[in-house]
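One structure is given here, and the rest of the page talks about it.
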Amino acid sequence: MALEPYRRLLRLPGVPVLLLVGLLARVPSTATGMALTLHVVESMKLGFGQAGLVTMASTVGMAVGSPLSGRLVDKHGLRPVLAVTTGAQAAFWACAWALPFPALVAAAALAGLLALPVFSVIRQCLAAMVPLEQRRMGFSLDSMIVELSYMTGPALAVAGVTTLGSGPTMAIIAGGMTAAGLGLIALNPPTRSAEELARPEARVPRRRWLTPGLVALLGTAAAATFVLTASELALVGTMKNAGETAWVGLAVALWCVYSLVGGFVYGGLSRGFSPLVLIALMGLLTAPVGLAGADWRWLVLALLPAGLLCAPSLSSTVEAVSGRVPAGARGEAMGLHGTALLVGGAVSAPVAGAIIDAHGPAWAFAVAGMVCVAMVAVAVPFWRGRAVSAASAVAEEPAAVSTR
């Protein structure tokens, strides 16, 4: 496939720097869950149940805080939100290693609520900086960067805790979070395009853009992370049952490579596809993966078709969200998208774990794939709702125009 479209994208002012900062800023964020788990289990000598409670508290905090941060970015701008969340992350990770367990749970929830909104901010800024005809490529490239960060962050957390201990590792994460926040504050990328800033701004009520169609879209985003989380757990469960846990890292890395390839190809296509179609296909292709048996090499090969759709599925939901909301609500909408992704993964983990324990990993693949398809089927009747653009908001609600 020709590389020229990607070259044109990377020649846009500010885009290469934004993507690079996005990659570096996401690495410490993706290391946090593994660092907390290993700290509770290895350093505090508690069980995985207590570790799960800490990570659940953090996840619930992030799910609530993500749209709130986005709304504040829409209302007050990027830098104030980044300043508060950067300070909160630096404070938590600098002292988390010394907290007793009850205080750690409470602090993790608060830190999640005030999480650095790097994922949603990068996507919001990409939507502002990249022309509409290139956004699919931009979001596909961003999804590939997310894959790279998830391949790097948790591995670095494991290496840090096992070699340096949880205290120094958390201190490094605190430094990484601080650097990420300060880097984004210094860069201060635009959250709205020049055209969006030039025209009058309408304060569109949430009920006008948070339509059944957008809720359906967020549900399909949750379905995507539901099937991805379940697939990862089923893959690990299969390899554990076969006594091949030493190869888990390689298997997951190969799966991520599939996603990277799929995202690269999808971003270069002349036209995209509905996220409902992509996510339904990913579910359908995941359901029979367990038939590959207990040999992890055949299992990883069987994951190839669904794996190629991972990044395209997620990037298509981001593109659809950005196109269905007015510019003045884009931050909150991206925050809701992030919450949907978190909820899908959080719900999937215990469900898939229970299925693996009771019936085996093959059934986890099958159930997750069919649940994903069912969630998409529920979303279909609500999908074709009217998107709200900033221009139409101005035309239809002139009394709400603000010169801010």
Side-chain angles (χ1 to χ4, degrees), residues 28-69 85 88-117 119 150 153-162 164-174 176-177 222 225-226 228-237 240 245 248 252 335 338-358 361 364 368:
S29 295
T30 57
T32 57
M34 185 64 71
L36 284 173
T37 298
L38 293 178
H39 171 66
V40 172
V41 173
E42 299 294 334
S43 300
M44 302 184 77
K45 305 301 181 184
L46 299 175
F48 280 96
Q50 289 94 329
L53 186 60
V54 174
T55 54
M56 183 183 72
S58 176
T59 300
V60 170
M62 287 189 286
V64 174
S66 182
L68 293 178
S69 295
T85 54
Q89 295 308 300
F92 172 74
W93 289 101
C95 66
W97 62 273
L99 296 176
F101 181 73
L104 181 62
V105 174
L110 182 60
L113 185 68
L114 297 173
L116 192 65
F119 288 85
Y150 272 105
L156 291 177
V158 172
V161 173
T162 55
L164 302 175
S166 60
T169 300
M170 288 182 170
I172 293 171
I173 291 176
M177 288 288 196
T225 50
F226 182 95
L228 291 175
T229 300
S231 296
E232 182 177 8
L233 292 174
L235 174 61
V236 173
K240 181 180 178 181
T245 52
V248 167
V252 173
T339 296
L341 298 179
L342 286 169
V343 169
V347 172
S348 176
V351 171
I355 294 172
I356 291 169
D357 289 340

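Residue indices begin at 1 and follow the sequence shown.
Here the OG1-CE distance, from T55 to M34, works out to 10.5 Å after rounding to the nearest 0.5 Å. Between the CG atom of L235 and the CD atom of E232 there is a distance of 7.5 Å, given to the nearest 0.5 Å. Between the CH2 atom in W93 and the OG1 atom in T32 there is a gap of 5.0 Å [rounded to 0.5 Å]. To the nearest 0.5 angstrom, M170 atom CE is 5.0 Å from L36 atom CG.
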* Chi angles and distances behind the side-chain contact (heavy atoms from CB on, under 4.5 Å) call for I172, L164 -> CA-CA 10 Å; I172 293 171; L164 302 175; 3.9 Å; yes

* Show your working on side chain to side chain donor-acceptor pair (under 3.5 Å) between S43 and S166 and close with a plain yes or no. => CA-CA 7 Å; S43 300; S166 60; 2.7 Å; yes

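When each of L104, T169, V161 is tested with H39 by the rule side chain to side chain contact (heavy atoms under 4.5 Å, CB included), just one qualifies, namely L104.
Among residue pairs with one or both ends in residues 60-69, none qualify as side chain to side chain donor-acceptor pair (under 3.5 Å); sequence neighbours excluded.
A 4.5 Å side-chain heavy-atom check between F92 and L110 finds every atom pair outside the cut-off. Taking 4.5 Å as the limit, some side-chain heavy atom of M177 sits within range of a side-chain heavy atom of S29. Within the 4.5 Å cutoff, no side-chain heavy atoms of F119 are placed close to those of L341.
Residues T339 and P67 approach most closely at OG1-CD, 3.1 Å, considering heavy atoms. Closest approach of A364 to A352, counting heavy atoms only: CB-O, 4.3 Å. Nearest approach of A107 to L99, heavy atoms of both residues: CB-CD1, 3.7 Å. Taking both residues in full, the closest heavy atoms of P117 and T85 are given as CD-OG1, 3.6 Å, listed atom of the first, atom of the second, then distance. When all heavy atoms of V347 and P350 are compared, the pair lying nearest together is O-CD, 3.3 Å. For A230 against S348, the heavy-atom pair with the smallest separation is N-OG, 3.2 Å.
In this structure a side-chain-to-backbone donor-acceptor pair under 3.5 Å is present from Q89 to L114. Judged by distance alone, with hydrogens and angles left aside, the side-chain atoms of T229 form no donor-acceptor pair with the main-chain N or O of F226 at under 3.5 Å.
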